[in-house]
Amino acid sequence: MNNTTIKYITKVEVIESRWLANIAIIDNNEVILKYPRNFQKLQTVGLTSVEVSDKIDNRNRIFTVKMQAFLPSIFEVQHRNLSFRITTASGEQYLIGTNVHPYAVVTINDKFPSSVTEKVGCLLNVEYSNTFGMLSIID
């Protein structure tokens, strides 16, 4: 990820991982989608947060990507393996997940606030661990 990138995430899109066949991963940090994919835009409330960390496990570098977005309504996962494309305020796009195992773990928390000043909706949590993390999408 380029340090000059504006890291505010303004758009989150989802796709079933099986539709990411034939992508090309380059140097474990970039991906070419090769042709347009049918990503579905998720309606989010506020900005989405993403955290990328890495560790060494059995001499392998393992990246973990954690994304958290607030949605105005429930999002049905329905036992699907999902991947996500995020777009930053400066236009860079990243892919979280691919069409092969391990898949992203998606958790939805329906929030019932205890105060009128809190947001009402659903919290989308995505966790993805692999030998590459969030892939920069290139043309």
Side-chain angles (χ1 to χ4, degrees):
M1 208 167 12
N2 185 342
N3 286 336
T4 60
T5 300
I6 298 173
K7 296 183 181 182
Y8 293 115
I9 297 164
T10 58
K11 183 163 63 168
V12 177
E13 297 166 287
V14 64
I15 192 170
E16 282 192 55
S17 297
R18 65 187 171 128
W19 299 117
L20 292 176
N22 300 319
I23 60 174
I25 297 174
I26 303 166
D27 295 330
N28 282 348
N29 62 8
E30 294 179 323
V31 64
I32 298 174
L33 298 179
K34 294 188 180 178
Y35 54 87
R37 309 295 174 135
N38 191 22
F39 283 89
Q40 175 190 4
K41 184 177 185 223
L42 293 179
Q43 187 66 39
T44 59
V45 177
L47 294 174
T48 298
S49 67
V50 171
E51 178 184 321
V52 181
S53 60
D54 66 317
K55 67 179 179 180
I56 303 298
D57 186 20
N58 288 334
R59 298 184 183 171
N60 292 315
R61 189 174 184 188
I62 305 296
F63 291 90
T64 299
V65 180
K66 294 179 182 179
M67 180 179 75
Q68 193 170 69
F70 203 80
L71 309 176
S73 59
I74 194 79
F75 173 73
E76 297 290 338
V77 177
Q78 300 171 343
H79 304 289
R80 298 177 293 168
N81 296 317
L82 301 175
S83 296
F84 297 84
R85 178 170 63 186
I86 59 172
T87 304
T88 66
S90 55
E92 284 82 9
Q93 291 187 319
Y94 299 92
L95 184 65
I96 300 172
T98 65
N99 64 316
V100 295
H101 186 77
Y103 299 106
V105 177
V106 180
T107 307
I108 305 292
N109 298 319
D110 202 1
K111 186 168 180 172
F112 294 88
S114 61
S115 168
V116 294
T117 59
E118 293 181 34
K119 294 179 189 175
V120 176
C122 295
L123 189 60
L124 168 70
N125 290 295
V126 176
E127 187 168 330
Y128 176 68
S129 293
N130 206 333
T131 54
F132 47 84
M134 193 165 62
L135 298 168
S136 177
I137 299 173
I138 58 176
D139 295 298

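Note that the structure is a prediction, hence the values are computed from the model and not measured.
Between G97 and S83, the shortest heavy-atom contact is C-OG, 3.4 Å. Contact record, V50 with M134: CG1-SD, 3.8 Å, taken as the closest heavy-atom pair. When every heavy atom of L123 is checked against every heavy atom of F70, the shortest pair comes out as CD1-CD1, 3.9 Å. The minimum heavy-atom distance between C122 and D110, with the atom names listed, is SG-OD1, 3.4 Å. Taking both residues in full, the closest heavy atoms of M67 and T48 are given as CG-CG2, 3.6 Å, listed atom of the first, atom of the second, then distance.
Here the OG1-CD distance, from T64 to E51, works out to 9.5 Å after rounding to the nearest 0.5 Å. Here I26 contributes atom CD1 and L135 contributes atom CG; the two are 10.0 Å apart, rounded to the nearest 0.5 Å. In this structure, L71 CG and L42 CG are separated by 6.0 Å, a value rounded to the nearest 0.5 Å. Distance check, rounded to the nearest 0.5 Å: NZ of K66 to OG of S129 gives 8.0 Å. The NZ atom of K11 lies 6.5 Å from the CD atom of Q93; values are rounded to the nearest 0.5 Å.
Here the side chains of F84 and L124 are in contact, with some heavy-atom distance below 4.5 Å. Contact check for N130 versus I62: no side-chain heavy atoms found under the 4.5 Å cut-off. Residues I9 and T44 form no side-chain contact, since every pair of their non-hydrogen atoms from C-beta on lies 4.5 Å or further apart. For the pair T98/V31, no side-chain contact is recorded, criterion being any heavy-atom separation below 4.5 Å from C-beta on. Using a 4.5 Å cut-off on side-chain heavy atoms (C-beta onward), E13 and T87 make contact. Considering only heavy atoms from C-beta on, L33 comes within 4.5 Å of F39 through its side chain. Between R61 and I56 there is a side-chain heavy-atom pair separated by less than 4.5 Å.
By the rule that hydrophobic residues join a cluster once side-chain heavy atoms approach within less than 4.5 Å of another member, V105 and Y103 end up as members of separate clusters. The same ILVMFWY cluster, assembled from side-chain heavy atoms under 4.5 Å apart, contains both I25 and I96. With hydrophobic clusters built from ILVMFWY side chains whose heavy atoms lie under 4.5 angstrom apart, L95 does not share a cluster with I32. V77 is connected to I86 through a chain of hydrophobic side-chain contacts under 4.5 Å among Ile, Leu, Val, Met, Phe, Trp and Tyr, so both are in one cluster. L82 is connected to I74 through a chain of hydrophobic side-chain contacts under 4.5 Å among Ile, Leu, Val, Met, Phe, Trp and Tyr, so both are in one cluster.
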Practice prompt. Given side chain to side chain donor-acceptor pair (under 3.5 Å), test S136 with E30 step by step and report yes or no.
Written response: CA-CA 5 Å; S136 177; E30 294 179 323; 4.9 Å; no
Worksheet entry | side-chain contact (heavy atoms from CB on, under 4.5 Å) between N125 and Q68, worked out | CA-CA 5 Å; N125 290 295; Q68 193 170 69; 2.8 Å; yes
For the pair V106 and V14, evaluate side-chain contact (heavy atoms from CB on, under 4.5 Å) and give the outcome as yes or no after the intermediate values. CA-CA 11 Å; V106 180; V14 64; over 6 Å; no
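S17 contributes a side-chain N or O that, together with a main-chain N or O of N81, makes up a donor-acceptor pair within less than 3.5 Å. A distance-only check finds a donor-acceptor pair linking the side chain of R37 to the backbone of W19 [under 3.5 Å].
Taking the six-membered ring where tryptophan is involved, the planes of Y128 and F132 are tilted, since the angle between them lies from 30° to 60°.
Under a cut-off of 6.0 angstrom, the local environment of CG in N38 is sparse, with at most 12 non-hydrogen atoms contributed by other residues, nucleotides or ligands.
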